[in-house]
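These notes concern the structure reproduced below.
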2 protein chains.
Amino acid sequence: MSTAPAIAPDAERLRRRLDAMARIGASAGGGVTRLALTEEDGRARDLLARWLHEIGLEVRMDAVGNLFGIRAGREDAPAVLVGSHLDTVVDGGRLDGSLGVLAALEAAQTLEERGIATRRPLAIVSFTNEEGVRFQPDMMGSLAFAGHLSVEQMRGAAADDGATAGECLQRIGYAGERAPGDLPVHAFLELHIEQGPLLERAGATIGVVEGVQGLSWTEIRLRGEANHAGTTPFDARHDAGLVAAEIVAFARALSRERGPGLRATAGSLRLAPGAVNIIPGEATLTVDLRHPEEASLAAAEEALERFAAERAAREGVAIAMQRLARTFPIRFDPTLVGLVEATAHRLGRTTLRLTSGAGHDAQILAACHPAAMVFVPSRGGRSHCPQEETAPADIAAGAAVLLQVVLQLAEAV
Amino acid sequence: MSTAPAIAPDAERLRRRLDAMARIGASAGGGVTRLALTEEDGRARDLLARWLHEIGLEVRMDAVGNLFGIRAGREDAPAVLVGSHLDTVVDGGRLDGSLGVLAALEAAQTLEERGIATRRPLAIVSFTNEEGVRFQPDMMGSLAFAGHLSVEQMRGAAADDGATAGECLQRIGYAGERAPGDLPVHAFLELHIEQGPLLERAGATIGVVEGVQGLSWTEIRLRGEANHAGTTPFDARHDAGLVAAEIVAFARALSRERGPGLRATAGSLRLAPGAVNIIPGEATLTVDLRHPEEASLAAAEEALERFAAERAAREGVAIAMQRLARTFPIRFDPTLVGLVEATAHRLGRTTLRLTSGAGHDAQILAACHPAAMVFVPSRGGRSHCPQEETAPADIAAGAAVLLQVVLQLAEAV
C-alpha cells in the first residue's frame, strides 16, 4: 500500500512563486505590505494574471476586481472554485492569502501538465481586499461575489485619504465589467495558514476546518472629566482611563471564566489628554470577542456591555458603545469537511479538526455554496507579522491535499 | 472690633489685570495657552514689566528669565519675595500662576499708593517655566533661583522641536545677565488657586498650606508579542495591553487600600500596534503617585513596582520601569504657616489647613528660605482647563491676606 498520490503538485515551483509574490511590497524586516488596491496589489495581480495566462487559463475579472483563472471542464457544469486573496495587512506575512491563491494555481497547472481533464470547470480566484485595512468592509470581494455587497457599495468605499475603492480599481486596471458572482459554483475550497498554534501544538500537519468563529467588535467611548492628578481626591474623580482599564482586565477574566471557546481581546486603547499628571477625561477602546457558538458569543457581548455600563456608572463616566463588526459563527459543509479529512488521511497526513479563529473569504462563500478550508501549521502561531512562517514540507502537504480534494470535487456528480 | 484691614488691595484693578493677562494666549474655548518661552510668554512678560515700571519698581531679570520688580525697603535687608509664574499648560486656566504674580503686584502698588515704606525690600517675581510643558524640568526658574539648576542646564534644555530654552529666552528678550538667586531673601510667599475641591467642600475661603505632597512619576514599558486576536489561545498570549490595564486598575486599588493620603493616577497609556484584532505587543503607561509622607510614598512606589513586575512575569511580558520625576514631600515653615492662618482669621476669613496636591515654585524656595503659600478655592476643583475659576470675592480675600502677610514680614526683624 502506498500513500503517495498518483499526481502531486510541484512544491518547488510553488515555493518559487511564493517567493516571487513576497517580493512585491516586501518590507525591510522580512514582512510584506501589500494593501488592497494599491500599486503593489496591482503588481501582484499582474503577476498572477501572467501565470494564469501562461498555463492557458481564461483570465477574467469582475466589477469589484476579483480575479479568476478558468480551466474549462469536460462539461459546462458549475465550477470548483479554489483560491484566497493577495492583499496583506501592514507589514504582514508572506503566506496569508498568497498561499491559497498560488496553491490553487499550482493545482491547475499540475492538472494541465498531466493532461487531466476534469468533468467540472476549475476556477482559480483571488478575492479583492480580504484584509480590510484600507477599505472596509474586509472580505469585500467575496462579499460582492456572494451578493452581500453591491458593486456601487464596493466602489464607493472610501479610504482615510479620501480615495474610493472604485478609483483605485480603475487606477490599477482591475475594474472589470463582469457582475460579481456571475460564475456557477459547485463548491469553494481555500487553503490557508492556521495563523494560530493549535496544529503545531498537536503535531498535526493538516487542519480540517469545521467552521469559523463568530466575531463581535465593540468600540467603547468613555467620557469622564480631565483633572489634576495631584489635587483631585478619589471621590471627585471621573477617570475614563480607569474604567477602560477595568474593561480590558474584565475581557480577560471573562475568557477565563467562560472556557476556551471565548476569545476576548482589547487591541486598541487611547486616552485623552494622555499626560502623566492629568486624570484621563476620555478613553476609547475596542473589544474583539470571538466564539464558535452564536449563543455564547451573544452572552459574552451582553456580559461585556453590562460590566462596562456598571463600571462607567460607578465612576461617573458617560459611556457609548458601538458595534463595529459582527459576524455569526459559520459551519462548513460537513460532507466537504469529511472529504478534506479523508483525503488528508489517504495521503498519510495527521489531521486536527478545528475552528478557524480568523475570518476568511470561505466563510462568506459558505453562505451560498458548499465550502471548506484546509489549514497548514503556522510556526509559533505567528501571523500578520514578518515572522509568519510555515515549514516547506507542511506547505507541500497542504497543496497536495488541496489538489486531491479539487480533483475529487471536479469529477463529482 | 473691626475685621476690616487698615489697607486693602484694589480687587477691581486686580480683576482687570487678570483679564488683560488672560487675553494673551486666549483660546476659543475660554482657556489660555501660554507655554513658557513662547511668543505669548514674551508678551505676558512685557505686560508685567510695563506694570512693574508704571508703579515705579526696579525691573530685573536673571539669566534664566526670572522677572523681578523690586521695591526698596527702608533698610537694605533681605527681601520679602512674593510671586508665582505666568506660563500655563496647553489650554489651561486663567488663574494658575497669574493670580500669584498679579496679586503680588497689587500688594506692591497698594503700598506704593498709600505711601507705606517697609523696613525690608519687597520683591515681586514671575518664575520661568513652572509648568514644564515645553521644556523640562518644570519649576525651572525657581530651581535655578534656589541653586539646583545651573544657567547652562536651563539654557540647554531642548524642546521636542529642537529649540533650546536659551534660544527661546533670547528670542523673547528675557535672557538677563544677573545670576539666578542673586537676591537675599527673608521669606517667600505665593498666593495660588487650590486646583482641588477641598476648600470649596469645607466652605473655607483661605487655604493655609502646610506643605506639598511628594511626587513620583514612573514610566512602565511592557513588551509582549503582537498576535492575531482570533487565533491565539490565552495560554499563548503575551498581551502587553492587559498587563498595562491591570497596573492601571491596581493603582486605584492601592489608593483605596492605603488611605486618603495616597493619590495614584495613570494619566497616559499607549498600545502598539493598536488595532482592534491584534493582541497589543507593546504598552507604555505612566503612573503618578503622590503622598504627603515620604515613607508612605516610597512604600507605594515599591508596591506598584512589585505588582507590575509580578503581572508582567505572569503574562510573559518584558517590563522596564523608569522614574521620570521624584520630589520629596516638603513642609512649609511652621511660623510662616501660622502667620498666614492668624492673618486670615484677623481678616475674618474661614480657613482650612491642607497639603498642596500640586507642585509649586514655593516648594523649591522652601528648601533654602522660609516659605509659605496661601490658597483660594477652585470652583468644582477644576484646574489646568478652561473651566478653572475662583469666585471674585475669594480672589479679593486671598489678595488681602497676601498683602497683610507681606506687610508683617516686610516689617519683621
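Every chain is numbered from 1 and lettered A, B, ... according to where its sequence line falls, protein lines coming before strand lines.
Chain B forms more heavy-atom pairs under 4.5 Å with one residue of Leu198(A), Leu242(A), Ile279(A), Ile278(A) than with any other, namely Leu242(A). Per-residue counts of heavy-atom pairs under 4.5 Å with chain A were compared for Ala264(B), Ala283(B), Gly380(B), Pro273(B); the largest is that of Ala264(B). Between chain B and the residues Cys385(A), Pro233(A), Pro197(A), the most heavy-atom pairs under 4.5 angstrom are made by Pro233(A). When each of Pro260(B), Gly274(B), Gly241(B), Gly196(B) is checked for heavy-atom pairs under 4.5 Å with chain A, Gly274(B) comes out on top.
Legend: ring-ring contact (aromatic ring centres under 6.0 Å, His included) pairs involving residues 239-288 of chain A, not counting sequence neighbours, sorted by first then second residue: Phe250(A)-Phe307(A).
Applying the side chain to side chain contact (heavy atoms under 4.5 Å, CB included) test to Ala245(B) and every residue at least two apart in sequence or in another chain returns Ala245(A), Val248(A). In this structure Phe328(A) satisfies the ring-ring contact (aromatic ring centres under 6.0 Å, His included) test with no other residue, sequence neighbours excluded.
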Going through the checks in order, is the side-chain contact (heavy atoms from CB on, under 4.5 Å) test met by Val374(A) and Val209(A)? CA-CA 6 Å; Val374(A) 180; Val209(A) 189; over 6 Å; no

Is there a side-chain contact (heavy atoms from CB on, under 4.5 Å) between Leu352(A) and Val208(A) once you walk through the steps? CA-CA 6 Å; Leu352(A) 179 72; Val208(A) 178; over 6 Å; no

Start with the C-alpha distance between Leu35(A) and Val90(A), add both sets of side-chain angles, then the distance that settles side-chain contact (heavy atoms from CB on, under 4.5 Å), and finish with yes or no. CA-CA 7 Å; Leu35(A) 303 193; Val90(A) 175; 4.0 Å; yes

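Heavy-atom distances place both the backbone and the side chain of Ala229(A) under 4.5 Å from chain B. The contact between Ala236(A) and chain B is made by backbone and side chain atoms together, counting heavy-atom distances below 4.5 Å. Leu285(A) does not touch chain B: none of its heavy atoms, backbone or side chain, sits under 4.5 Å away. Using a 4.5 Å cut-off between heavy atoms, Ala358(A) touches chain B through backbone and side chain atoms alike.
Here CG of Leu289(A) is found 8.5 Å from CG of Leu215(A). Values are rounded to the nearest 0.5 Å. Rounding to the nearest 0.5 Å places CG of Leu354(B) at 5.0 Å from CG of Leu199(B).
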For chain B against chain A, give me the donor-acceptor pairs closer than 3.5 Å, one per line with atom names and distance.
residue, atom, partner, partner atom, Å
Gln195(A), O, Thr231(B), OG1, 2.2
Arg201(A), NH1, Asp235(B), OD1, 3.0
Arg201(A), NH1, Asp235(B), OD2, 3.2
Arg201(A), NH2, Asp235(B), OD1, 3.0
Gln213(A), NE2, Gly230(B), O, 3.0
Glu225(A), OE1, Arg382(B), NH1, 3.3
Gly230(A), O, Gln213(B), NE2, 3.0
Gly230(A), O, Arg263(B), NH1, 2.8
Thr231(A), OG1, Gln195(B), O, 2.2
Asp235(A), OD1, Arg201(B), NH1, 3.1
Asp235(A), OD1, Arg201(B), NH2, 3.0
Asp235(A), OD2, Arg201(B), NH1, 3.3
Arg237(A), NH1, Thr265(B), OG1, 2.6
Arg237(A), NH2, Thr265(B), OG1, 3.4
Arg252(A), NH1, Glu315(B), OE1, 3.1
Arg252(A), NH2, Glu315(B), OE2, 2.8
Arg263(A), NH1, Gly230(B), O, 2.8
Thr265(A), OG1, Arg237(B), NH1, 2.6
Thr265(A), OG1, Arg237(B), NH2, 3.4
Glu315(A), OE1, Arg252(B), NH1, 3.0
Glu315(A), OE2, Arg252(B), NH2, 2.8
Arg382(A), NH1, Glu225(B), OE1, 3.4

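Between Pro377(B) and Ala204(B), the shortest heavy-atom distance links the atoms CG-O, 3.5 Å. Heavy-atom minimum distance, Ile220(B) versus Ala308(B): CD1-CB, 4.4 Å.
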